[in-house]
Amino acid sequence: MRFLEAGASGGTRPRGNVGVVGAGIVGLAVARQVALAGDATVTVLDKEDRVAAHQTGHNSGVVHAGIYYRPGSLKARLCREGAAMLREYCAEHRIPYDEVGKLVIASTAAERPGLRDIAERARANGVPGIAELDALALREVEPDAVGVAAVHSPHTAIADFPAVARRLARDVEELGGSVLLSHPVRALRQTSGGVDVLAGERRLRFDRLIVCAGLGTDAVARMAGAPGDVRIVPFRGEYYALAGVAKDLVRGLIYPVPDPRYPFLGVHLTRRIDGEVLVGPNAVMALALEGYSWRDVDPGDLRRILAWRGTRRLAVRHWRTGVREVLGSLSKGAFLAAARRYVPAIGAGDLVRVEGGVRAQAVGRDGALLDDFSVDVHDRVALVRNAPSPAATSSLAIAGHIVGLISTSSF
């Protein structure tokens with residue numbers, strides 16, 4: 001089997017060839033970072049016919065400031081670095097970006113300790129402008145919101161992540177790289193001289209391969225002979241949008257105090273860069289890796305998800321929460337109740353169902369939901385095992401981190 005040197009022209013082999021699997025915002029940011037280094041050509045491979053087809057394209061658009069994450073974690077560091085880099089990148093390329101601010105609201109006195117923890121983490125992470133507000137002061141920020149107290153993050157922003165991804169793809173190509181869409185990775189083989197990849201009908205050879213495949217991570221990991229100790233379990237996030245004048249009830253971002261047992265942030269109200277206001281998401285285990293609705297069922301995906309010991313242990317440990325999320329998924333009233341807890345003026349007629357997304361969440365053998373970003377290096381293949389929110393916010397910083405990892409690895 002003859003393999004082409006990716007990026008080569010004529011008979012001259014470039015100094016290095018790097019393949020990136022996945023044309024979401026993280027994969028494209030990684031490819032751009034490789035191309036900027038100038039000592040390698042880069043080729044992005046994706047099975048879809050467009051960039052940002054999955055998690056990036058179904059993102060609510062929040063640019064997180066770093067208020068939630070454990071100090072010292074990759075999430076905390078890369079979120080803070082990435083948010084600053086993203087703000088500059090959007091300004092440079094005239095991509096919509098707006099610091100609308102976020103309120104994390106305690107609706108009862110029992111939530112005050114959790115709210116204080118959020119404020120302490122935010123300050124430990126160096127998030128600027130953090131303020132703790134009482135019930136009266138929070139209404140100066142969001143006049144239609146209610147609660148006993150809140151943490152205000154004025155520099156939390158919203159952006160157009162699909163537009164960022166499209167610009168990153170242009171950067172890659174302008175820097176001499178390639179973005180090959182409609183090129184699903186069908187097979188790969190590591191050899192002493194590189195990584196051979198069959199993508200669509202093309203056979204390519206890379207010196208290094210970086211896998212940023214999101215929901216498809218496990219499939220590529222199996223091809224690489226590195227199944228690992230975690231698996232991707234897809235969680236669908238469903239949304240409603242506020243209709244008509246109800247949009248004016250929310251100025252920025254209104255979040256609940258999150259449950260520390262889960263990496264999900266709970267149903268919240270999110271003003272988007274296009275002016276829409278979303279209510280959601282929930283977190284329901286999907287019945288397919290790309291299960292955007294209850295109708296999307298893939299028996300093969302479902303069999304592999306349920307066969308993973310971690311999935312079964314997760315279900316046993318958190319079945320009550322799972323049942324509650326499923327019932328909420330089937331009930332518009334559950335979303336209405338969550339929204340009205342913070343903005344009582346919202347009525348049932350103000351909610352319109354809109355498209356949701358699917359989160360690629362890594363789960364360990366013990367049933368634990370991985371909270372931090374995770375990257376494994378296996379010989380010549382680097383695998384991004386876990387990159388859920390705030391991965392879009394952190395994408396440019398994640399790219400630097402991954403390129404640093406592969407630069408120090410002995411291939």
Side-chain angles (χ1 to χ4, degrees), residues 60-69 98-125 127-158 237-243 245-272 276-283 321 324-325 328 331-351 389-390:
S60 63
V62 176
V63 181
H64 292 277
I67 68 176
Y68 298 107
Y69 315 118
D98 188 6
E99 289 188 350
V100 296
K102 174 192 287 186
L103 281 181
V104 181
I105 297 179
S107 61
T108 67
E111 293 179 336
R112 284 182 181 272
L115 192 67
R116 284 194 294 271
D117 289 344
I118 291 291
E120 290 171 4
R121 281 194 171 194
R123 293 189 179 106
N125 290 336
V127 179
I130 290 296
E132 296 179 71
L133 309 179
D134 61 19
L136 184 62
L138 74 85
R139 299 197 73 167
E140 294 178 9
V141 179
E142 289 282 359
D144 292 287
V146 298
V148 300
V151 167
H152 184 216
S153 172
H155 297 292
T156 298
I158 52 177
E238 298 162 328
Y239 286 97
Y240 285 82
L242 296 186
V245 296
K247 298 175 188 177
D248 298 332
L249 296 172
V250 179
R251 290 181 173 181
L253 312 172
I254 299 174
Y255 279 61
V257 177
D259 186 332
R261 295 175 299 168
Y262 304 104
F264 312 111
L265 298 179
V267 172
H268 44 271
L269 296 100
T270 306
R271 178 164 290 279
R272 286 171 51 90
E276 296 295 320
V277 177
L278 299 180
V279 179
N282 56 357
T321 299
R324 186 166 61 247
E325 289 290 327
S331 167
K332 181 179 181 180
F335 282 83
L336 177 62
R340 294 191 65 185
R341 189 178 186 189
Y342 305 99
V343 183
I346 294 173
D350 297 325
L351 296 184
S389 179

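This chain uses plain numbering: 1 for the first residue, then up along the sequence.
A donor-acceptor pair under 3.5 Å is absent between the side-chain atoms of Arg121 and the main chain of Ile67, judged by distance alone.
Listed here is the closest heavy atom pair of Glu276 and Ala241: OE1-CB, 4.3 Å. The nearest pair of heavy atoms linking Ser389 to His64 is OG-NE2, 3.4 Å. Between Val141 and His152 the shortest heavy-atom distance is CG1-NE2, 3.6 Å. Nearest heavy atoms, Ser107 versus Val148: O-CG1, 3.9 Å.
Salt-bridge formation is not detected for the pair Arg271/Glu142: no Lys NZ or Arg NE/NH1/NH2 atom is positioned less than 4.0 Å from an Asp or Glu carboxylate oxygen.
With a 4.5 Å cut-off on side-chain heavy atoms, Phe335 and Glu238 count as touching. By the 4.5 Å heavy-atom criterion applied to side chains, His268 and Pro281 are counted as neighbours. Taking 4.5 Å as the limit, some side-chain heavy atom of Tyr255 sits within range of a side-chain heavy atom of Val62. Looking only at side-chain heavy atoms (C-beta outward), Tyr68 and Asn125 stay at 4.5 Å or farther from each other.
Distance check, rounded to the nearest 0.5 Å: CD of Glu111 to CG of Asp259 gives 10.0 Å. In this structure, Arg341 CZ and Leu336 CG are separated by 14.0 Å, a value rounded to the nearest 0.5 Å. Between the CG atom of Leu269 and the CZ atom of Arg251 there is a distance of 15.0 Å, given to the nearest 0.5 Å. If you take CD1 on Ile105 and OH on Tyr342, they are separated by 7.5 Å, rounding to the nearest 0.5 Å. A distance of 11.0 Å separates CG in Asp350 from NZ in Lys247, rounded to the nearest 0.5 Å. Note that CG of Asp144 is 7.0 Å distant from CZ of Arg139, once rounded to the nearest 0.5 Å.
No option in Val343, Asp248, Leu351 other than Leu351 meets the side chain to side chain contact (heavy atoms under 4.5 Å, CB included) test with Leu242. A side chain to side chain contact (heavy atoms under 4.5 Å, CB included) with Ser153 holds for exactly one of Leu103, Val127, Leu253, Val104; it is Val127.
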Quiz item: Is there a salt bridge (charged side-chain N to carboxylate O under 4.0 Å, His left out) between Glu132 and Arg112 once you walk through the steps?
Solution: CA-CA 11 Å; Glu132 296 179 71; Arg112 284 182 181 272; over 6 Å; no
